Amino acid sequence: MAAIELSSLHHKILPLFRVERLTVVASRSVSIPPIEYPAELPITAHRQSLLQLVAEHRVIIVCGETGSGKSTQLPKILLESGLGRRGMIGHTQPRRLAARSIAARIAEELGTTGDSRVGYKIRFGDQTSSETLIKLMTDGILLAETQSDRDLRDYDALIIDEAHERSLNIDFLLGYLLRVIERRPEFRLIITSATIDAQRFAEHFSIQGNPAPIVMVEGRGYPVDIRYLPWTDVNRDAEDEDDNYDLGQHVIAGIDNVCRSGGGDVLVFLPTERDIREVSHQTAGHFKRLGLATRVDVLPLYARLPQAEQQRIFHPTGDRRRIVFATNVAESSLTVPGIRYVVDAGTARISRYSPRSRVQRLPIEAVSRASCDQRAGRCGRVAPGICVRLYSQEDYENREAFTTPEIRRTNLASVILQTLTLRLGSIDQFPLIDPPRPDAIRQGYRTLRELGAVDDHDQLTDIGRRLGRMPVDPRVGRMILAADEFGVLPEVLVIAAAIEVQDPRERPQDKRQAADEAHEKFQHPRSDFLSFLKLWRFYQQQRESVSHSKLDRICRGNFLSPQRMREWCDVYRQLREMVVQSPPWLPEQKSAPGRAQRRQVGAPRFSENEDEVIDAGRYTTIHQALLTGLLSGVALAGDKNEYTGAGGLKLFLWPGSGVFAAKPKWIVAGELVETTRQYARTVAAVQPEWIEPLAEHLVKKSYSDPHWSNKSGGAFCYQQVSLFGLPIVTRRRLALSPLDPATARQLMIDEGLANDEMPTTARSVRFNRQLVALIAELAAKTRRREYVIDPYNIRNFYASRLPDFVCDRVRLEKYDK
DNA sequence: GTTAGGGTT
């Protein structure tokens, strides 16, 4: 009966749906603006051939350097080809800023500024609607959409831009999209890359053995003259590149080299913030000695630099020659305008996850040839440029062609969790361009087991399913689930958001002391996690009482980045909203459809005691919740400043930590990072006894020193409980009989019964004792010592008579009845 | 005694 009703309903709905769909397509077609292409962009010359390729191929690879116009013109070409009617033309960017600004440029070119026909969607901003034809978004947003739109049917076509960056998101999407292509013949995909690794992409997207076509679009850049200036050319006495090496001198030689070629701004690539500080200082001294101090501006540039100082680079004033000292941030994330010369030290800090030690390493390494070329390309945008490489041509030619993709350098827990929650099968079956190493996959599963996200058979658990749907790192997700259970969500949500965003505390190189003094009032002596809460309390109090602009001023006065504080608030609000709404959040059995599950999450419960921030009782619970996500971050203090972490790892406290001075015996660390040393950052003092109930699935138990107690009438032993080799419980005295009844029985017989020392009410034992005593008395009187029943005989007697389960006094007395 | 850079339902 129900089936008939359903099917008749089905017939009524389906035609309606089709009509509506046609109406949507028609109205979207009408709304398409006239399309024109700027003649000066190189990609415009490829329009005809691209249109033809789109008609014939499901996937196209477009290789184009900066300035080729690919990012702005490709969506228009897809729109002209007839796509974008049934679904949108999606276009992904690695960064939010780029997604927004490219959307604005396309809208301007199409004359749609002011409506949402060209829209964008990023984490905290959705500017799209049902009329959106072209949708810019971060690749993370598209990845998130796969959870609710499996075949990505919202889109007629997708452009994955900057694929050469090979971030985790991009690699995952490229694997995912291969399957979408297989299921949707009408769907179109364009992959763009700024480097010449196109062949890999083309082969990945082979259809029936035919690789995807590649279109090469020339850039609009000017030629760049490459010069090689290895250290042995600067310091002629040096026998090799390491001999007496001085990075400052080397860089100055490079700057002098390009300065002799004429006026223009210089961009210097260096690996670390510290190098930027030291080398820019040396360079300033160099120009001062030459009497040219007033002719140059020395400017640092790195991601952590306060916004105001970054602005000096993007809004130049005066006519001095600017020398910008930058990290990798200037290679792809930020474009420094007007650069004529590049000096490239050829190195960068590269993150590499060490699965064995669970530490994120940040070694300084030689960058790939692709990266060297990208850096050189930064000076050919306004006029012919010169790039001086502080290494030899031979060195360049021997380098890796491309930077190792992130998927080969990171903890895979989150990627594996996604393949499991999206039911994509096992990760080694998933079509990734660069499959991760098997041991990296194993360690990824190990992390998931640590979190209880998978069981011993690597099957997704209820916790895993919930973590997979949360927009945070699985460790942070785990803390949030525990916080809900333990009743400390208000505090842990603030802390979780803080862990997810970049640290808002700024420490400008020339005002480090002032910054440290300003931050001191936020430091909690036992927990850096509670320092976040102190900072939060301060910010929220100010926010309630002062204007926006005043709030920003207060932030800067306290060396806090206003932008990052806002990001923190945004992430906090998103997490709170997630918790308040039921579906991804509650355990599956509870999220019955139709049941309203609106919950309340209030503000953190602050203590009356300003410095403590949180009452002592809640300290325990909050840190227990944090521990559920950070069990492999537990460490024990050792000699001097050393700590021992999971698996015997040697660690040092981060010197900027609020607990640095206290050096607590047991800590939990939010991060383990190896730079100059292996550091535990974002640390809190914990009690080892908090850990055991949270780590039942991970701890190992061992027992020692079995011994007998006449007083208790039972055998005991000492238990040691260890977590990743750390003794969280030592010498816990336990009754032996439940653990090892045979040994307990033996001890009872040997020590309690054979020596007649155990007090007992057991009648047979008392009778035997009286009998033994009587015989002993008679033997003494008659001087017949051979009749004495010695302990050896008593032991043998009980050993042969007592059943196996009689292993302590209580059981003995019960058996006796 | 002090970290390269991005991103998320």
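What you see below is based on every heavy atom in this structure, not just the backbone, and it leaves out hydrogens, waters and symmetry mates. Everything numeric in this text was worked out from a predicted model, so none of it was measured. Residue numbers start from 1 in every chain, and the chains themselves are labelled A, B, ... in the order their sequence lines are given, proteins ahead of strands.
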Peer 1: Consider the side chain of Arg349(A), meaning its heavy atoms from C-beta on, and name the nucleotide among dA4(B), dT8(B), dT2(B) that approaches it most closely.
Peer 2: dA4(B)

Peer 1: To the nearest Å, give me how far apart OH (Tyr302(A)) and P (dG5(B)) are.
Peer 2: 10 Å

Peer 1: What's the closest nucleotide to the side chain of Thr272(A) if the choices are dA4(B), dG5(B), dT8(B)?
Peer 2: dA4(B)

Peer 1: Closest-nucleotide mapping onto DNA chain B: is Glu500(A) or Arg304(A) further toward the 5' terminus? I mean the 5' end.
Peer 2: Arg304(A)

Peer 1: Within the structure, does a side-chain N or O atom of Arg274(A) lie under 4.0 Å from either OP1 or OP2 of dT2(B)?
Peer 2: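 Answer is yes, contact under 4.0 Å.
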
Peer 1: Would one find more than 12 heavy atoms of other residues, nucleotides or ligands at under 6.0 Å from atom CD of Gln513(A)?
Peer 2: no

Peer 1: With side chain to side chain contact (heavy atoms under 4.5 Å, CB included) as the test, pick out the partner of Tyr572(A) among Val501(A), Ile495(A), Val494(A).
Peer 2: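 The single option meeting the side chain to side chain contact (heavy atoms under 4.5 Å, CB included) with Tyr572(A) is Val494(A).
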
Peer 1: Please pick, from dT2(B), dA4(B), dG7(B), the nucleotide with the shortest atom-to-atom distance to any side-chain atom of Arg507(A).
Peer 2: dT2(B)

Peer 1: Base, sugar-phosphate, or nothing for Thr327(A), non-hydrogen atoms under 4.0 angstrom?
Peer 2: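 Sugar-phosphate: the residue Thr327(A), judged by heavy atoms under 4.0 Å, touches backbone atoms but no base.
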
Peer 1: Could you check whether Phe652(A) gets within reach of a base, just the sugar-phosphate, or nothing at all, counting any heavy atom under 4.0 Å?
Peer 2: nothing

Peer 1: What is the distance, to the nearest angstrom, from the CG atom on Leu168(A) to the C1' atom on dG5(B)?
Peer 2: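 Rounded to whole Å, this separation is 14 Å.
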
Peer 1: Looking only at side-chain N and O atoms, does Arg469(A) come under 4.0 Å of OP1 or OP2 in dT8(B)?
Peer 2: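 No.
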
Peer 1: Taking any heavy-atom pair under 4.0 Å as a contact, classify Leu143(A): base, sugar-phosphate, or nothing.
Peer 2: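 Base contact.
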
Peer 1: Run Arg123(A) and Gln574(A) through side-chain hydrogen bond (donor to acceptor under 3.5 Å, both in side chains) and show every step you take.
Peer 2: CA-CA 9 Å; Arg123(A) 188 173 192 179; Gln574(A) 187 189 24; 2.7 Å; yes

Peer 1: Check whether any side-chain N or O of Arg105(A) sits under 3.5 Å from a backbone N or O of Ser71(A) as a donor-acceptor pair, and report yes or no.
Peer 2: no

Peer 1: May I have the distance from Asn411(A) (atom CG) to dG6(B) (atom P), rounded to whole angstrom?
Peer 2: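 The distance from CG of Asn411(A) to P of dG6(B) comes to 21 Å, rounded to the nearest Å.
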
Peer 1: Both Ile350(A) and Gly468(A) contact DNA chain B. Which one's nearest nucleotide lies toward the 5' end?
Peer 2: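 Of the two residues, Ile350(A) wins.
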
Peer 1: Which one, dG6(B), dG1(B), dT8(B), comes nearest to the side chain of Pro655(A)?
Peer 2: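 Per side-chain heavy atoms of Pro655(A), the pick is dG1(B).
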
Peer 1: Whole angstroms only, please: what is the CG-C1' distance between Asn328(A) and dG6(B)?
Peer 2: 11 Å

Peer 1: Within the structure, does a side-chain N or O atom of Gln360(A) lie under 4.0 Å from either OP1 or OP2 of dA4(B)?
Peer 2: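 For dA4(B), OP1/OP2 do not have a side-chain N/O of Gln360(A) under 4.0 Å.
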
Peer 1: Among dG6(B), dG7(B), dT2(B), which nucleotide sits nearest the side chain of Thr138(A)?
Peer 2: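 Nearest to the side chain of Thr138(A) among the choices is dG7(B).
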
Peer 1: Between Arg349(A) (side chain) and Pro363(A) (backbone), is there a donor-acceptor pair under 3.5 Å?
Peer 2: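 Not at all, since once roles are kept as given, no pair shorter than 3.5 Å links the two residues.
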
Peer 1: Looking for any heavy atom pair under 4.0 Å, which part of the strands does Ser167(A) touch: base, sugar-phosphate only, or nothing?
Peer 2: nothing

Peer 1: Touch check for Glu365(A), heavy atoms < 4.0 angstrom, all strands: base, sugar-phosphate only, or nothing?
Peer 2: nothing

Peer 1: Classify the nucleic acid contact of Glu273(A) as base, sugar-phosphate or nothing, counting any heavy atom under 4.0 Å across all strands shown.
Peer 2: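 Sugar-phosphate contact only - Glu273(A) comes under 4.0 Å of backbone atoms but never of a base.
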
Peer 1: Measure the distance from CZ on Arg512(A) to C1' on dG1(B) and round it to the nearest whole Å.
Peer 2: 11 Å

Peer 1: Return yes if the base of dA4(B) and the side-chain atoms of Ser351(A) contain a donor-acceptor N/O pair under 3.5 Å, otherwise no.
Peer 2: yes

Peer 1: Nearest whole Å is fine: how far is dG5(B) P from Leu362(A) CG?
Peer 2: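 My rounded result for the distance is 10 Å.
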
Peer 1: Just the rounded figure in Å: distance from P of dG7(B) to CD1 of Ile499(A).
Peer 2: 19 Å

Peer 1: Let me know the distance between CD of Gln93(A) and C1' of dG7(B), rounded to the nearest Å.
Peer 2: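 Distance, rounded to whole Å: 13 Å.
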
Peer 1: Verify the neighbour count for atom CD of Glu400(A): are there more than 12 heavy atoms of other residues, nucleotides or ligands below 6.0 Å?
Peer 2: no

Peer 1: With heavy atoms under 4.0 Å as the rule, sort Ala348(A) into base, sugar-phosphate or nothing.
Peer 2: nothing

Peer 1: Is Glu165(A) touching bases, backbone alone, or none of the nucleic acid, heavy atoms closer than 4.0 Å?
Peer 2: nothing

Peer 1: Across the strands shown, which category fits Ser332(A) at heavy-atom distances under 4.0 angstrom: base, sugar-phosphate, nothing?
Peer 2: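 Nothing: the residue Ser332(A), judged by heavy atoms under 4.0 Å, touches no strand.
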
Peer 1: Under 3.5 Å, side chain of Lys534(A) to main-chain N/O of Gln523(A), donor-acceptor pair present?
Peer 2: yes

